[in-house]
2 protein chains.
Amino acid sequence: MDWSIQEIAKLAGTTSRALRHYDDIGLLEPSRIGSNGYRYYDGAALVRLQRILLLRELGLGLPAIADVLAGETAETRALAGHLGWLRQEQDRLARQIASVERTIEALEGGEEIMAKDMFDGFDHTQYREEVEQRWGPEAYAAGDRWWRGMRDDERQAWKERTAALGRDWIAAAESGVAPGGAEAQELARRHVEWLAGVPGTPASQAGGDVKGYVIGLGEMYVADERFAANYGGEAGAAFVRDALRVYAEANL
Amino acid sequence: MDWSIQEIAKLAGTTSRALRHYDDIGLLEPSRIGSNGYRYYDGAALVRLQRILLLRELGLGLPAIADVLAGETAETRALAGHLGWLRQEQDRLARQIASVERTIEALEGGEEIMAKDMFDGFDHTQYREEVEQRWGPEAYAAGDRWWRGMRDDERQAWKERTAALGRDWIAAAESGVAPGGAEAQELARRHVEWLAGVPGTPASQAGGDVKGYVIGLGEMYVADERFAANYGGEAGAAFVRDALRVYAEANL
DNA sequence: CTTGACCTTGACGTTGCGTCAACTTCTACA
DNA sequence: TGTAGAAGTTGACGCAACGTCAAGGTCAAG
């Protein structure tokens with residue numbers, strides 16, 4: 001007693017296309033193939049198909065399902081491993097949701113998220129590539145968790161400290177002092193100190209190329225107008241860049 | 001002042017490949033293309049790129065991002081819509097996690113999940129295609145939520161009721177009474193009544209083709225040995241099928 | 001002039017099928 | 001028995017967002 005492809009598809013709650021796919025990848029072959037080329041399935045195939053569909057509904061990939069059905073992997077271990085992945089995904093989603101909510105809130109509050117807010121708390125996404133490349137993905141992830149994991153008041157304090165630093169830079173730049181002068185160099189020191197508070201930056205870790213990082217950062221401030229805006233525009237950013245370079249060359 | 005593709009990629013924290021992709025799909029074109037074919041980007045492009053990356057990090061798809069940047073869609077609305085999707089995903093994941101956990105638990109408890117447990121509480125996945133086709137996806141989703149949303153004691157009660165029905169069927173089949181006889185017909189009535197307790201089945205809704213459903217169900221019991229096992233094997237299942245058919249023809 | 005770094009345009013791979021397209025086979029009815 | 005319509009077959013493209021070669025031009029430095 002066997003069924004046609006459509007029949008077994010309905011019995012099991014899937015489609016004939018999926019069954020052909022399973023045949024193609026060798027996950028489930030028909031029990032019999034007619035001389036006309038038609039696929040026919042028997043009870044054993046139905047049972048196997050239902051196990052496949054059950055595991056798939058739990059979110060397992062087809063290769064993983066193949067392993068389980070081949071007996072190469074115990075069901076519990078496959079599922080346990082899968083569970084870890086699911087939990088990670090859930091975590092990621094939760095953080096993403098929080099992030100979107102914060103963004104919407106900010107937008108509704110009239111904040112210019114694309115310019116100012118991106119700088120609030122230091123835009124770590126900015127350096128993701130660089131950070132991951134130099135210190136591994138964990139470093140970036142750590143920084144990300146750090147910022148997202150802060151309480152509102154902590155974030156507020158951080159923002160104020162950041163803003164104060166920005167104000168002082170602008171004042172210095174406008175006062176006409178030299179980037180290499182004592183006042184600017186003190187600001188540069190504070191800037192690096194401030195950077196040290198950001199996990200994921202070399203300044204916060206031992207053994208990193210802090211010097212190159214700080215110099216590159218200065219260039220960024222000039223190159224990116226959104227960053228530049230925090231230092232009073234391009235001229236101010238150039239001042240910061242120069243001061244940081246002098247400081248880095250001399251002290252890092 | 002502009003940057004090469006690698007430079008801007010590093011500045012913004014992405015890859016040159018992604019930038020070429022964005023160019024290909026028209027999301028972000030270089031501000032200038034050299035006579036050698038090289039792509040060059042200026043400050044405006046950098047800002048646009050960073051907005052793209054920000055939105056992408058929030059999980060938006062590239063087409064959606066294109067809409068936002070084209071001003072065709074307000075940011076808040078795009079994000080709000082996206083938020084809904086994220087929450088749905090989170091929900092789905094949560095249910096899947098619970099499901100996987102239950103399955104692992106069952107496996108560790110030594111239960112033969114693939115045979116017996118699938119029948120516990122009626123395997124609604126079995127009829128997903130059919131259910132969705134006839135009553136829409138909501139019906140299936142409702143049934144799914146129903147089972148997953150039950151408390152343990154509720155599930156237990158349901159299992160016992162199900163088991164009792166199975167025992168009675170087996171006893172009747174073995175006693176040698178006729179499928180069309182009063183005893184078997186009373187069991188059939190109970191069976192349909194029991195079915196009515198399962199959301200998503202036609203028996204639980206008004207206006208469905210209950211008759212065809214019940215008859216088809218009987219066939220299923222015979223065809224699928226796992227179902228058959230609940231009725232004492234193939235012979236028992238055949239008895240159930242015959243009794244259900246007679247009952248359905250006469251009363252539904 | 002050579003070497004190496006960087007650029008270009010294809011084009012395939014990824015995940016699990018949905019969805020035509022073009023054609024053959026089976027089933028049922030006049 | 002001719003034929004329509006349902007169902008079967010094998011390709012092959014599409015999707016999301018790039019990663020990853022491959023093969024070959026361009027540029028800056030020694």
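Letters A, B, ... are given to chains in the order of the sequence lines, protein chains preceding strands, and every chain is numbered from 1.
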I need the [atom1]-[atom2] distance between [X] and [N], as an integer number of Å.
X       : N      : atom1 : atom2 : result
A:Ile5  : D:dT10 : CD1   : C1'   : 12 Å
B:Leu27 : D:dA17 : CG    : C1'   : 11 Å
B:Ile33 : D:dT26 : CD1   : C1'   : 16 Å

task: With a 4.0 angstrom cut-off to heavy atoms of chain A, pull out the first and last contacting nucleotide of DNA chain C, in 5'-to-3' order.
output: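 Range of nucleotides touched by chain A: C:dG16 to C:dC26.
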
- request: Would you kindly compare A:Tyr40 and B:Gly37 by the position of their nearest DNA chain C nucleotide and give the one closer to the 5′ end?
  value: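 Nearest-nucleotide comparison on DNA chain C picks B:Gly37.
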
task: Would you sort out whether B:Arg92 and B:Gln88 count as a side-chain contact (heavy atoms from CB on, under 4.5 Å), showing the intermediate values?
output: CA-CA 6 Å; B:Arg92 197 178 57 78; B:Gln88 268 189 32; over 6 Å; no

N/O donor-acceptor pair under 3.5 Å between A:Ser31 side chain and A:Asp42 backbone: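 At least one qualifying donor-acceptor pair exists.
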
query: Between the side chain of B:Gln96 and the main-chain N/O of A:Glu57, is any donor-acceptor distance below 3.5 Å?
result: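 A pair under 3.5 Å: yes.
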
query: Which residue lies toward the 5' end of DNA chain D, B:Arg56 or A:Glu7, if each is placed at its nearest nucleotide?
result: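 On the 5' side of the pair lies A:Glu7.
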
query: 5'-most contact on DNA chain D: B:Leu60 or A:Asn36, nearest heavy atom basis?
result: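 Checking each residue's closest nucleotide, the 5'-ward one belongs to A:Asn36.
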
Under 4.0 Å, counting only non-hydrogen atoms across every strand here, what does [X] touch: a base, just sugar-phosphate, or nothing?
X       : result
B:Ile25 : nothing
B:Gly61 : sugar-phosphate
A:Pro30 : nothing

- prompt: Which atom pair, heavy atoms only, marks the closest approach of B:Ile5 to B:Ser16?
  reply: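 Taking B:Ile5 first and B:Ser16 second, the nearest heavy atoms are CD1-O, 3.6 Å.
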
- request: Looking only at non-hydrogen atoms, find the nearest pair between A:Asp242 and A:Pro179 and report the distance.
  value: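 A:Asp242 and A:Pro179 have their closest heavy atoms at CB-CB, 3.7 Å.
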
- prompt: Going by heavy atoms closer than 4.0 Å, what residues in residues 16-24 of chain A are next to DNA chain C?
  reply: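 Those residues are A:Arg17, A:Ala18, A:His21, A:Tyr22.
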
task: Evaluate whether atom CZ of B:Arg77 has more than 12 neighbouring non-hydrogen atoms of other residues, nucleotides or ligands under 6.0 angstrom away.
output: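 Not more than 12 within 6.0 Å, no.
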
- prompt: Take atom CD in B:Gln90; do more than 12 heavy atoms of anything else shown fall under 6.0 Å from it?
  reply: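 Correct, the count exceeds 12.
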
- prompt: side chain to side chain contact (heavy atoms under 4.5 Å, CB included) with A:Pro30: which residues, sequence neighbours excluded?
  reply: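 If we apply the side chain to side chain contact (heavy atoms under 4.5 Å, CB included) test to A:Pro30, skipping adjacent residues, the hits are A:Asp23, A:Ile33, A:Arg39, A:Tyr41.
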
message: For a quick test of reading the model: is some side-chain N or O of B:Thr15 closer than 4.0 Å to OP1 or OP2 of D:dG19?
response: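 Answer is yes, contact under 4.0 Å.
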
query: Hey, is the side chain of A:Arg39 poking within less than 4.0 Å of OP1 or OP2 on D:dT9, counting only N and O atoms?
result: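 It does, given that an N or O in the side chain of A:Arg39 lies less than 4.0 Å from OP1 or OP2 of D:dT9.
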
Polar pair under 3.5 Å, donor/acceptor by atom type, side chain B:Tyr38, base D:dG25: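 Between D:dG25 and B:Tyr38, which were checked side chain against base, a qualifying N/O pair under 3.5 Å is present.
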
message: Tell me whether B:Arg48 is salt-bridged to B:Glu29, with the criterion being a basic N under 4.0 Å from an acidic carboxylate O.
response: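 Judged by the 4.0 Å cut-off on N to carboxylate O distance, B:Arg48 and B:Glu29 do not form a salt bridge.
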
